[in-house]
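Below: one structure, written as structure tokens.
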Amino acid sequence: MTTTTDLTRAQHVESVLRIADTSLILGQRLSEWCGHGPVIEEDIALTNIALDLIGQARLLLTHAGRIEGQGRDEDRLAFLRAEREFRNLAMVELPNQDFGRTILRNFLVAAWQAPLWSELRSSSDTELAAIAEKSAKETRYHLQHAADWTVRLGDGTAESKRRMQLALDYLWPYTAEFFADDELDRAANAAGVVPLPSMLQPAWEATVLPVLAEATLAVPARTPFRSTGRQGRHTEHMGHLLAPMQAMQRTYPGCAW
Amino acid sequence: MMATAAALSIDDAWAALGAVPDPEIPVISVIELGIVRDVQVDGDGGVDVTVTPTYSGCPATELIAQDIVAALERAGASAVRVRTQLAPAWTTEWIDPAARAKLRAYGIVPPAEHTANGSQPLHFVPRTLDCPRCGSNDTERLSQFGATACKALYRCRTCAEPFEYFKPL
């Protein structure tokens, strides 16, 4: 991607936050599995994946804070922003529900992150490109783990298949947001910072559809529903997620471990 | 009290770093792990170390930086600056070949050589590893993620001992 137009500082920050917040909020949801995994190996898997995602979020939020230049570091961005300032994909703030929905969501999101990191390697924002190069290696393992489980649970027992189909029916409408371009996306893409979301769809489908087929799951029909997490308009679940996440910093401002 | 006469030499700095172990895998040093990318000394006892993190969320990253500062100060540095460099991204290919034998002796199977990065999401068949204790090939993978982000957990069906595999990155 070559720089063709300039991006305002605020636009640049928001573009990075859209990527950072998706990693952060998914990391937060996966952290809820700590101590509650169905078996110890999967408890460890989900929490390790959460750690990778939080690590990505730390790098990206630090970068966003530096671009913004108002003294907000990774902690202030994570713990002191209000709900409407978060720019994550709505799918990642949804409740975990059960292991099946958690795994399927990890799969759908990792399949989106993989081509995103790949495109970002040629971003005009060189720090973002460096973070993407690093994150791509970890996402590869997340994708393998989630795809493997999606097949085993989908093409599993009657009960596991029932739960996976419910999960797919529930999550599928939120995937439309992954590929919906808006004004900011077009401006940031024109500046060479990020790919257009719609550009990621072919690679995502090429990864996702064969796995769902192997998992013997029925892909729901597309509807006009569009979630709006990337524009800061969140589901009813976001407030409940942020409350415990931010409670300590809001109660004891400046507290540190 | 006399101040330190000689500034730290570049060789001394590297030697000091060679004695800093990875906190989770103490048999190999941060140099053997491939995370120290550059060392510069100025004439006045100042040292600049450039490191690269392994995994984004590795909780040992800050501890390693502290250990590097402490080791260089013990070696006589007056000011130590640790800089993090993200690109090029760390890869297990940077692990010193000599360190691979140390890993195996410690009970961790070293990472396989890199394959092409076009990995398929389906059918991640865990590679068959030789048990680092008894050498048997009759082993199985228990978990793709282990006690640390960088390792997977295996078990030997011959000697019944668990062991870890350092995942290729």
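Just so we're on the same page: letters track the sequence lines, and every chain starts at 1.
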Practice task
Mark yes when over 12 heavy atoms from residues, nucleotides or ligands other than Arg81(B) sit less than 6.0 Å from its CZ; otherwise mark no.
Solution key: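 Yes - once you tally the heavy atoms of other residues, nucleotides and ligands closer than 6.0 Å, there are more than 12.
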
Please rank [options] by heavy-atom pairs under 4.5 Å with chain B and give me the top one.
options                        : result
Arg152(A), Arg58(A), Glu133(A) : Glu133(A)
Ile40(A), Asp52(A), Leu46(A)   : Asp52(A)
Ala45(A), Ala136(A), Ala130(A) : Ala45(A)

Problem - Salt-bridge criterion met for Arg155(B) and Glu41(A) (N-O under 4.0 Å) - result: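 No salt bridge links Arg155(B) with Glu41(A).
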
Practice task
Can you tell which part of Thr148(B) gets under 4.5 Å to a heavy atom of chain A, answering side chain, backbone, both or neither?
Solution key: backbone

Exercise for the section: Look only at the side chain of Asn48(A) and the backbone of Gly146(B), and say whether a donor-acceptor pair between them is shorter than 3.5 Å. Expected result: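 Yes; at least one donor-acceptor contact below 3.5 Å.
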
Problem - Side-chain donor or acceptor of Glu138(A) paired with backbone N/O of Ser56(B) under 3.5 Å - result: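 Yes, the answer is positive, given that a donor and an acceptor are paired below the 3.5 Å cut-off.
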
Handout entry: 4.5 Å side-chain heavy-atom contact, Thr91(B) and Lys137(A)
Key =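 In contact.
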
Problem - Validation row: Phe145(B), Thr47(A) side chains within 4.5 angstrom (heavy atoms) - result: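 Not touching, per the 4.5 Å side-chain cut-off.
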
Practice task
Quick one: pull up CD in Gln144(B) and CD1 in Ile49(A) and give me the separation to the nearest 0.5 Å.
Solution key: 8.0 Å

Problem - When Pro88(B), Ala147(B), Cys58(B), Pro59(B) are compared by non-hydrogen pairs under 4.5 Å with chain A, the top option - result: Pro88(B)

Problem - Between Leu142(B), Thr84(B), Leu153(B), the one whose heavy-atom pairs under 4.5 Å with chain A are most numerous - result: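 Winner by heavy-atom pair count: Leu142(B).
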
Exercise for the section: Please state whether the side chain, the backbone, both or neither of Ile54(A) comes within less than 4.5 Å of a heavy atom of chain B. Expected result: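 Neither part, no heavy atoms under 4.5 Å.
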
